[in-house]
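All values reported here derive from a predicted model rather than from experimental measurement. Whatever order the structure lists ligands and atoms in, that order sets their numbers, starting from 1. Just so it is clear, the values below take in all heavy atoms, side chains as well, and ignore hydrogens, waters and symmetry mates.
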Amino acid sequence: MLFPTTRLSRLRANKNLRAMVRQTTVTVSDLVMPMFIHHGHDIKNPIPSMPGIYQMSIDHACDHAAELYEKGIRSVLLFGIPAKKDELGSDSLSDEGIIQTALRRLKKEVPGLTYMTDVCFCEYTSHGHCGVMVKRDGQMILDHDATLGNLRRQAISHVQAGSDMLAPSGMIDGGVGAIREALEAESFGHVPIMSYSAKYASAFYGPFRDAAGGAPAFGDRRSHQMDPGNSDEAVLEASQDIAEGADIVMVKPALAYLDIISRLKTNFDVPVAAYNVSGEYSMIKAAAAHGWLDERAVIIETLTAIKRAGADIIISYHTAEAASWLK
Ligand code: PBG
């Protein structure tokens, strides 16, 4: 038999037909590029565990944002590395904070991008935890009410500085509701919230903690991040966040949690975002540097898999390099 005769192989045999019947194609408009904004001037620090990714001061960040825009990228997610960390993470609340200052400059210089901002405290606190810590019975625990109050303040100051979408990443109970309430109260009700609803206590965040300097000085985040063995609670978390006012729910990390992306997509009628995190990026980069993988093919396959699982939005460090391939 010279020619294939099954229906599937008939469709696969022709390149144009293959493209026509392809169900999932990643486009640059699906992608969001994370950026690490460093205090100071003329700083462009390579992150050793994330080849190709830099901490940048605002001047370089503006140049980088312009390049991203040129490549067709339309959205970035900002993380801040402040000059000073303290117990409260005060920089994150200040109108003169690193993110607020960066937003004002970026919005002016590259107005065509949509700026999403990470709303959390772990990059700003001296102890590296995602809120205000207090001592109870000899143990350091999160002061929930104080943290919610500061979350409100941080959210409002981001929006006043120009944030187009808030991305609360701390998975603090009631955090989305508190931010939504604050937005309504300050006449910012139009601002969308993308909540890190299903954020797992994952070892894949390792390189990010080098990038943003956010490793907890004591303890860990297992009390509020999810156990990788669980999936029902992802549905519960997402439904709570949606009820509290989230517009987009996020799953993080992406690759080891494609089933969770798929579950949220089938369970809810809101867009699902997936965060293709630092460790997932670094694995591909490390293998490619050894010549063990075809880097470009693996990156496109990876992004396609995340979209196929159900992600409408993909936050990925591959965004900048992948943009030209996806055109
Ligand atoms: C917390 C935050 C983290 C990441 C995004 N937001 C770190 C953490 O939860 O420990 C990780 C992203 C990545 O690994 O790329 N502000």
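Contact analysis puts Phe79 in contact with ligand 1, with a non-hydrogen atom separation below 4.0 angstrom. Using 4.0 Å as the threshold, Tyr317 has a heavy atom nearer than that to some atom of ligand 1.
Counting heavy atoms under 4.0 Å from ligand 1, residue Ser278 touches it through both backbone and side chain. Looking at Tyr275 against ligand 1, only its side chain comes within 4.0 Å, counting heavy atoms.
Within a 6.0 Å radius of CH2 in Trp292, no more than 12 heavy atoms belonging to other residues, nucleotides or ligands are found. For CD of Glu87, the number of neighbouring non-hydrogen atoms (other residues, nucleotides, ligands) closer than 6.0 Å is 12 at most.
In this comparison of Glu280, Met171, Arg209, the heavy atom closest to atom 8 (C) of ligand 1 sits on Arg209. Taking only non-hydrogen atoms, the option from Pro34, Ser169, Gly206, Ser316 nearest to atom 1 (C) of ligand 1 is Ser169.
Ring geometry for Tyr275 versus Tyr196: interplanar angle of 30 to 60°, hence tilted. Note on ring orientation: taking the six-membered ring where Trp is involved, the planes of Phe188 and His190 are perpendicular (angle over 60°, cut-offs 30° and 60°).
Counting atoms of ligand 1 from 1 in the listed order, those under 4.0 Å from a heavy atom of Asp118 are 6 (N), 16 (N). Counting atoms of ligand 1 from 1 in the listed order, those under 4.0 Å from a heavy atom of Glu123 are 1 (C), 16 (N). Every atom of ligand 1 with a heavy atom of Cys120 under 4.0 Å away is listed here by number and element: 16 (N). Of all atoms in ligand 1, listed by their number and element, those nearer than 4.0 Å to a heavy atom of Cys122 are 1 (C), 16 (N). Interface atoms of ligand 1 facing Lys252, defined by a heavy-atom separation under 4.0 Å, are 2 (C), 3 (C), 4 (C), 5 (C), 6 (N), 9 (O), 11 (C), 12 (C). Against a heavy-atom cut-off of under 4.0 Å, Gln225 is close to the following atoms of ligand 1: 9 (O).
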Anything under 3.5 Å between a donor and an acceptor, one on a side chain of residues 297-309, the other on a protein residue two or more places apart or in another chain? List them.
unit_1	atom_1	unit_2	atom_2	d
Thr302	OG1	Val298	O	2.7
Thr304	OG1	Ile300	O	2.7
Lys307	NZ	Thr25	O	2.8
Lys307	NZ	Asp30	OD2	2.9

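Tested against Ser197 for a side chain to side chain contact (heavy atoms under 4.5 Å, CB included), the candidates Val235, Asp241, Ile260, Leu236 yield a single pass: Asp241.
Between Ile315 and Met250 there is a side-chain heavy-atom pair separated by less than 4.5 Å.
With no hydrogens or angles considered, a side-chain donor-acceptor pair links Asp118 and Ser169 at under 3.5 Å.
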